[in-house]
Amino acid sequence: MIPVAVQEPLSVGFVLLHRFTLLPFAAFVDCLRLAADEGDRSRQLRCHWTFMTSTGEQATSSCGAAISPCEPFRDPASFDYIVVIGGVQDERDRVDSTALAYLRRSADAGVPLVGLCTGVFALIQAGLMKGRRCCVSWYHHRDMIQRFPAIEPVADRLFIDDGDRLTCAGGAAGADLAAYLIERHLGKAWAMKSLHIMLLDEARTGVHPQPQPVVFGKIEDRVVRKAIALLEQHLGEMISMEVLAERVGTSRRNLERRFKETLGVSPQKFSRDLRLRYGVWLLHYTGKSITEIGERCGFADTAHFSRHFRSAFGMTPSEMRKSVGEPGGARVDPFFLHVEGRPAL
């Protein structure tokens with residue numbers, strides 16, 4: 001009989017900072033929990049996890065829910081990864097120096113560090129992200145470039161694996177990153193088992209784009225709101241009006257009529273303007289080439305993208321990118337693409 005190799009369990013230590021964000025933590029640890037055992041029994045067999053705080057006392061999340069029990073910081077060498085989860089950024093003056101020292105000690109021990117959600121801010125404060133790109137949520141992008149201008153934040157993907165530093169935008173993407181690590185250590189079957197129980201079809205890759213939000217404002221037409229939501233979810237591709245109409249349960253003619261009545265433009269123009277607005281955001285906040293941005297926004301080629309861009313904004317994409325670094329240059333709002341009863345552009 002051939003002996004079966006026993007795989008070492010995946011061991012993860014969580015550093016929970018004051019008022020840490022609950023969703024990315026829960027998504028990450030529940031993915032570990034479901035991969036750790038058969039069914040939903042929750043025994044820490046294939047995966048081990050430990051919750052830690054500077055004091056060893058319970059950790060309170062930003063929504064008020066508390067995690068207990070927690071332990072004081074353990075020897076970093078007992079973990080395959082250490083995941084730090086940050087809190088709300090309006091308390092930026094509150095620095096957990098004990099936690100930052102522990103992160104530095106973990107880095108010195110060669111343990112890969114994961115900055116989950118605003119945990120990446122802690123890695124930066126600990127001096128552990130010099131010369132590295134880091135993934136951050138679009139929502140925190142502006143805060144990061146203002147506070148840490150020497151850091152290169154990336155806000156158009158879910159997570160970045162830079163070897164011994166992994167950073168994740170947070171939110172539900174915590175499950176995607178956890179599944180990525182589970183697959184690496186335990187195999188794809190265990191990662192998929194977790195995701196399927198969590199009602200997720202499959203793990204999104206790190207390069208999967210973050211969704212850019214649209215605010216509906218005063219738009220009352222349900223069909224138009226639904227169509228805009230679909231367009232926002234597919235900023236990088238062209239959707240035919242027939243397909244769009246079918247997806248929202250109406251005819252093309254009715255969809256065009258309702259867009260004209262509600263927003264004063266056709267759904268085709270609204271879609272193009274929305275993708276151009278996304279292109280503006282990418283020009284301001286990523287280092288992608290203009291060709292890459294045009295493709296990312298669903299345009300056939302660079303010339304097609306540049307022609308519509310100049311028509312919409314009065315300058316070419318390269319001219320707008322150059323103006324970003326000029327004193328007093330206007331910057332696009334990194335938070336929302338506003339839609340309030342008429343097109344954003």
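Not measured: the values here are computed from a predicted model.
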(request) Decide if the gap between the ring center of Tyr81 and the ring center of His185 is smaller than 6.0 angstrom. (result)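 Yes, the ring centres sit under 6.0 Å apart.
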(message) Please give me the minimum heavy-atom distance between Pro153 and Ile151, naming the atom from each residue.
(response)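 The answer is CD-O, 3.0 Å.
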(request) May I ask you to check if Arg275 and Phe299 form a cation-pi contact, with NZ or CZ under 6.0 angstrom from the six-membered ring centre and within 45° of the axis? (result)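 Yes, Arg275 sits over the ring of Phe299.
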Among the clusters formed by ILVMFWY side chains lying less than 4.5 Å apart, do [X] and [Y] turn up in the same one?
X	Y	value
Ile124	Leu103	yes
Leu231	Trp281	yes
Leu274	Val223	yes
Ile239	Leu276	yes
Val248	Met238	no

(message) My understanding is that only residues two or more places apart in sequence, or in another chain, count here; which of them pass side-chain hydrogen bond (donor to acceptor under 3.5 Å, both in side chains) with His208?
(response)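 None.
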Do other residues, nucleotides or ligands put more than 12 heavy atoms under 6.0 Å from the [atom1] atom of [X]?
X	atom1	answer
Glu202	CD	no
Glu71	CD	yes
Met315	CE	yes

(message) Tell me whether Lys193 contacts the main-chain N or O of Asp37 through its side chain, where contact means a donor paired with an acceptor under 3.5 Å.
(response)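 Looks like yes, one N/O pair under 3.5 Å.
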(request) Examine distances only and state if a side-chain atom of Ser311 and a backbone atom of Arg307 form a donor-acceptor pair shorter than 3.5 Å. (result) no
Between side-chain atoms of residues 20-34 and protein atoms elsewhere (two or more places apart, or another chain), which donor-acceptor pairs fall under 3.5 Å?
from  : atom 1 : to    : atom 2 : distance (Å)
Asp30 : OD1    : Arg33 : NE     : 2.6
Asp30 : OD1    : Arg33 : NH2    : 3.4
Asp30 : OD2    : Arg33 : NH2    : 3.4
Arg33 : NH1    : Asp40 : OD1    : 2.5
Arg33 : NH1    : Ser42 : OG     : 2.8
Arg33 : NH2    : Asp40 : OD1    : 3.3

(request) Evaluate the salt bridge (charged side-chain N to carboxylate O under 4.0 Å, His left out) criterion for residues Arg104 and Asp108: first the C-alpha distance (whole Å), next the side-chain angles of each, then the deciding distance (0.1 Å), finally the verdict. (result) CA-CA 6 Å; Arg104 286 190 287 268; Asp108 290 340; over 6 Å; no
Between side-chain atoms of residues 161-168 and protein atoms elsewhere (two or more places apart, or another chain), which donor-acceptor pairs fall under 3.5 Å?
from   : atom 1 : to     : atom 2 : distance (Å)
Asp161 : OD1    : Gly163 : N      : 2.9
Asp161 : OD2    : Tyr180 : OH     : 2.6
Asp161 : OD2    : Arg184 : NH2    : 2.5
Asp162 : OD2    : Arg132 : NH1    : 3.1
Asp164 : OD1    : Arg132 : NH1    : 3.0
Asp164 : OD1    : Arg132 : NH2    : 2.9
Arg165 : NE     : Leu128 : O      : 3.0
Thr167 : OG1    : Cys135 : N      : 2.8

(request) Report yes or no: do Ser54 and Asp96 form a side-chain donor-acceptor pair below 3.5 Å? (result)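 Side chains of Ser54 and Asp96: pair found under 3.5 Å.
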(message) With no hydrogens and no angle check, just 3.5 Å: does a side-chain donor-acceptor pair link Thr291 and Ser289?
(response) no
